[in-house]
Every structure is written in structure tokens, then in C-alpha cells.
Amino acid sequence: MELTGRAAHPLSLGLPPVHLQFLQEQSRPSKHKGVGIRSLLRYGGEKRLNNRTILPFFKNSVIPATCCAAKATTCTGAAAGDLLEVDLREIKDKCKKWNWKGRYAINYFVSHSSSDPHSSNPNRPPILLVHGFGASIPHWRRNIRTLAQIYTVYAIDLIGFGASEKPVGFSYTMEKWAELILDFLDEIVQEPTVLIGNSVGSLACVIAAASASGAEAESNNKALVRGLVLLNCAGGMNNKAITDDWRIKLFLPLLWLIDFLLKQRGIASAIFERVKQRDNIRNILLSVYGNKESVDEELVEIIMEPTCDPGALDAFVSIVTGPPGPSPVQLMPTIISSSLPLLVLWGDEDPFTPLDGPIGKYFASLPSRLPYVTLFVLQGVGHCPHDDRPDLVHQKLLPWLDHFSTVTHT
């Protein structure tokens, strides 16, 4: 597959939006001569990817050859096309709390399948939705009801985000988020689950799936992950993960300087207070969404509200300045060896993890050599496809999920 057109933002590959916003705000071009970071981040032109998709192969199963074409019609009708949005108050009212490790209060939401709530279909696995940086459960408000027509849907606020606890002194890492996901599957869901993640939530799902597919997991004979869906997967918890891109190497000293400044409490507090302002959050969202109409006041409130919680500043500093964690490129061989069904959905107008960046290129290369990996590039869509253009996501996601109902286990 060949990627052409737009170049990636030099500071955007895997960078949390709030961090990027700070760089932009601090480096605006003045009226005098000179180029600021904002100018460096601009790019133009069209990006195209030869959109080759391959029917997933499910391990230990047989899929009828006509399944993809036949099921696509039924799954992309009303359920996929109609936007069924869950009210934010309903989400808040129905959320529950789970004590992770007996000490951390984790917020989660569950919506049981409306198709047959009294029976459990083993070929319809539950789904767990995992949000990205700065987001939370309500970021899935445009997806939950559509998915819950057929599947039991769980959504979780990762520790440090949303209505989950933000403990002071907690060291946030990608590995801890992945551990949280696996413990949630083990203790709350208690069934093999399809993980669906966005951005760093995708990476946390990759780490969790790799751990669940490892030798230790096989020896325990306890399958926790049945499938994996990645929506614009991040390369790391922060930008320091992408070290093989010249654009990151060029600005790495500046990133380290910002890390140093953020570790000074007074400076970090001033920066955080600035970037969490409503107008700044809206500008960040507008910069990462392809469909600008999706950036409404409700979305701004979803992102802004948790930033006022105790511990939010500490979480922000720890995440931005902490270790980036393992790269998905390092982890995927373990997942590949297990033949775990994988769906990759990628917005082609993503400035943070662009298709022509190292992470995007890697995932774009997988379908041509792995029959159980399916890739769809979503035209005109940004970093958060599920909220940016939920209709396009559902059109691709529902038929893929439907394969689980049609497989014959052997």
C-alpha cells in the first residue's frame, strides 16, 4: 500500500492534544518575521490509501464465503445508518463504580443487548469501549445505543480520566491501563470480550490483548479477549514514543524542555489552567475532527468537566511527562501469532497519528499479509472516528462484529 499526499504534523505523531495545544499557544508567529510551531504544523493536499480490505479469518472457526456480502446489507441498514445517541444524563445515572485492586474507584457503564436481554448468545461477545486521552465514557454516546441493539456494551473511564478516581501520586503508564482493562474483563465482564479503543485507549487495548495472548495467559487457559478494534491507534502515551520519525527527532529537545517545565508545580498549574479553558478545548477538538459539526458544546463539556476534579492536574502531568510505554509495533507480533481477529479503522485526516506516520504505515501494511486483519480508511475523518463520523464507523464495525455470530466453532 502506498501513502501519498499530506505530510504528518511534525509534532503531532502520538502527541496528546493538550500538549500540542500548549506548543501551539506558546509558539504563535508574531507580526515580525519568523515561523512559529503553528505554521510548521500546517499542511495541505490530499492523502490517499489504496483501501484494500480482507475478510477476517477467525481462529478455530469456519466462515461461509458469502457471509461478508450477505451480512453487509443487513448490518449497514437502520442500525448502522441511524444516529442513536445516548443522553449524557442517562449515562451518568446508569454508571457504576468498581474498586480496582480494592482501592481505586473506577467508573463504568453497561448497556445490555436490547435484542434478547434474557438470553446469552455465546457467538455475540460483549464489547468494551476504551476512550482516548482526555476523554471518558460519554465520548461513546453516539455509539453505545447502536451497538447495544445487538451486543452487551461496557464502557470504562480509565483511571485518571472521566469520573474514575485520579489519585495523587499515582504513576500513570500504558501498562497500568492495560492491567486495569484485563482486571475489569476478569472481574466484571467475565466473558471473552471484543475490545474497541481510540487513540491511547487503542494502545491500552493492544497491550491488554498481547498480554492475554501471551504464554502465561495460554497456560491459565482463560481467554479474556476475543477480538480487537483499533480506532486511530496511538504510538505511545505521549510523543516520546515515536523516535524513528525525523519530525519528532527534530523537536525532541523542545519536548523534553516542556516535560521539565511541567514538573515545576507552579508552571504546570498555570499551563493546565490555560489549556483546559473552554475555547482552547474547542480549538483542540476542531483541529482533530474532520467533521466540524460534531464539535458541539456537549462534546466540549465532556472533555472539560473532568479537568476540574481533584487530581486532574497530577494526572495530566504524569501522563504527558511519563514513559511512553511500548509501541504497538512491538506488541503486534504476539497478537498476530494468536490469530486474534483485528479491525483497524483510521481517519485519513488525523493530525496526531497520521496514516503516513510510522504507526499508520505499519497498520496499513498488515492486511496485505495477514488474512485476519481488516483495514478501512475513513475519508474526511479525524482522530476520533467513532464521534467524528459514527455512521461511517458503524457501517464498517457492525458487519465485522456480525462474523462472530456466524462462525462455527470446531
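Throughout, numbering of the chain's residues begins at 1 and tracks the sequence.
- Side chain of Gln190 to backbone of Glu187: a donor-acceptor contact under 3.5 angstrom is found.
- Side-chain atoms of Leu375 and Phe363, non-hydrogen and from C-beta on, never get closer than 4.5 Å to each other.
- Under the side-chain hydrogen bond (donor to acceptor under 3.5 Å, both in side chains) criterion, Asn107 pairs with Lys97, Asp157, not counting sequence neighbours.
- Remark: side-chain polar atoms of Ser318 are not paired, donor with acceptor, to backbone N or O of Ala315 under 3.5 angstrom.
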Check against side-chain contact (heavy atoms from CB on, under 4.5 Å), Val320 and Phe272: CA-CA 11 Å; Val320 173; Phe272 189 57; over 6 Å; no
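- Side chains of Leu401 and Ile127 form a contact here, defined as non-hydrogen atoms less than 4.5 Å apart.
- Pro126 and Tyr154 get closest at one heavy-atom pair: CB-CE1, 4.1 Å.
- More than 12 non-hydrogen atoms from other residues, nucleotides or ligands lie less than 6.0 angstrom from NZ of Lys101.
- Scanning both residues, Cys205 and Val130, for their nearest heavy atoms gives SG-CG2, 3.6 Å.
- Of the possible donor and acceptor atoms, one in the side chain of Asn283 sits under 3.5 Å from a partner among the backbone N and O of Asp279.
- In this structure the side chain of Ile181 never reaches within 4.5 angstrom of the side chain of Val225, judged on heavy atoms.
- Other residues, nucleotides and ligands contribute at most 12 non-hydrogen atoms within 6.0 Å of the NZ atom of Lys94.
- The closest donor-acceptor contact from the side chain of Trp400 to the backbone of Pro341 lies at 3.5 Å or more, if one exists at all.
- Lys292 contributes a side-chain N or O that, together with a main-chain N or O of Leu286, makes up a donor-acceptor pair within less than 3.5 Å.
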side-chain contact (heavy atoms from CB on, under 4.5 Å) assessment of Lys166 paired with Asp314: CA-CA 8 Å; Lys166 303 167 183 64; Asp314 297 85; over 6 Å; no
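- Scored by the side-chain hydrogen bond (donor to acceptor under 3.5 Å, both in side chains) test, His131 finds no partners at all (sequence neighbours excluded).
- Closest approach of Ile156 to Ile137, counting heavy atoms only: C-CG1, 3.7 Å.
- Residues Ile359 and Cys233 share a closest heavy-atom pair of CG2-O, 3.8 Å.
- Ile336 places none of its side-chain heavy atoms less than 4.5 Å from the side chain of Val373.
- Not counting sequence neighbours, Asn198 has no partner by the side-chain hydrogen bond (donor to acceptor under 3.5 Å, both in side chains) test.
- Annotation for Glu293: atom CD does not count as buried by contact number, only 12 or fewer foreign heavy atoms lying within 6.0 Å.
- When all heavy atoms are compared, the tightest approach of Ser199 to His383 is OG-NE2, 2.8 Å.
- Using a 4.5 Å heavy-atom threshold, the side chains of Tyr289 and Cys384 count as touching.
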Test side-chain contact (heavy atoms from CB on, under 4.5 Å) applied to Met304 and Gln277, step by step: CA-CA 8 Å; Met304 188 175 72; Gln277 296 302 309; over 6 Å; no
Give the table of side-chain donor-acceptor pairs shorter than 3.5 Å for residues 171-178, with sequence neighbours excluded, one pair per line with atom names and distance.
from	atom 1	to	atom 2	distance (Å)
Thr173	OG1	Lys176	N	3.1
Lys176	NZ	Ser171	O	3.0
Trp177	NE1	Ile159	O	3.1

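- Residues Arg141 and Ile302 are in side-chain contact: their nearest non-hydrogen atoms beyond the backbone lie under 4.5 Å apart.
- Residues Asn143 and His139 come closest through the heavy atom pair OD1-O, 4.2 Å.
- Under the rule for a side-chain hydrogen bond (donor to acceptor under 3.5 Å, both in side chains), the partners of Asp296 that lie at least two apart in sequence or sit in another chain are Arg142.
- Asn232 contributes no side-chain N or O that, together with a main-chain N or O of Pro385, makes up a donor-acceptor pair within less than 3.5 Å.
- By the 4.5 Å heavy-atom criterion applied to side chains, Ile335 and Leu342 are not counted as neighbours.
- Note that OG of Ser136 and CG of Leu158 are 10.0 Å apart. Values are rounded to the nearest 0.5 Å.
- Considering only heavy atoms from C-beta on, Gln330 stays 4.5 Å or farther from Ile207 through its side chain.
- With sequence neighbours excluded, no residue satisfies ring pair (Phe, Tyr, Trp, His ring centres under 6.0 Å) with Tyr362.
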Criterion side-chain contact (heavy atoms from CB on, under 4.5 Å) on Leu129 and His386, from CA distance to verdict: CA-CA 11 Å; Leu129 306 175; His386 62 289; over 6 Å; no
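- Formation of a donor-acceptor pair under 3.5 Å by the Ser164 side chain with backbone atoms of Ile106 is not found in this model.
- Looking only at distances, a side-chain donor or acceptor of Ser202 sits under 3.5 Å from a matching main-chain atom of Leu231.
- For the pair Asp388 (side chain) and Gly382 (backbone), a donor-acceptor distance under 3.5 Å is present.
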Stepwise salt bridge (charged side-chain N to carboxylate O under 4.0 Å, His left out) check, Glu349 with Arg389: CA-CA 12 Å; Glu349 292 189 1; Arg389 286 295 305 273; over 6 Å; no
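- Between the CH2 atom in Trp140 and the CD1 atom in Ile91 there is a gap of 12.0 Å [rounded to 0.5 Å].
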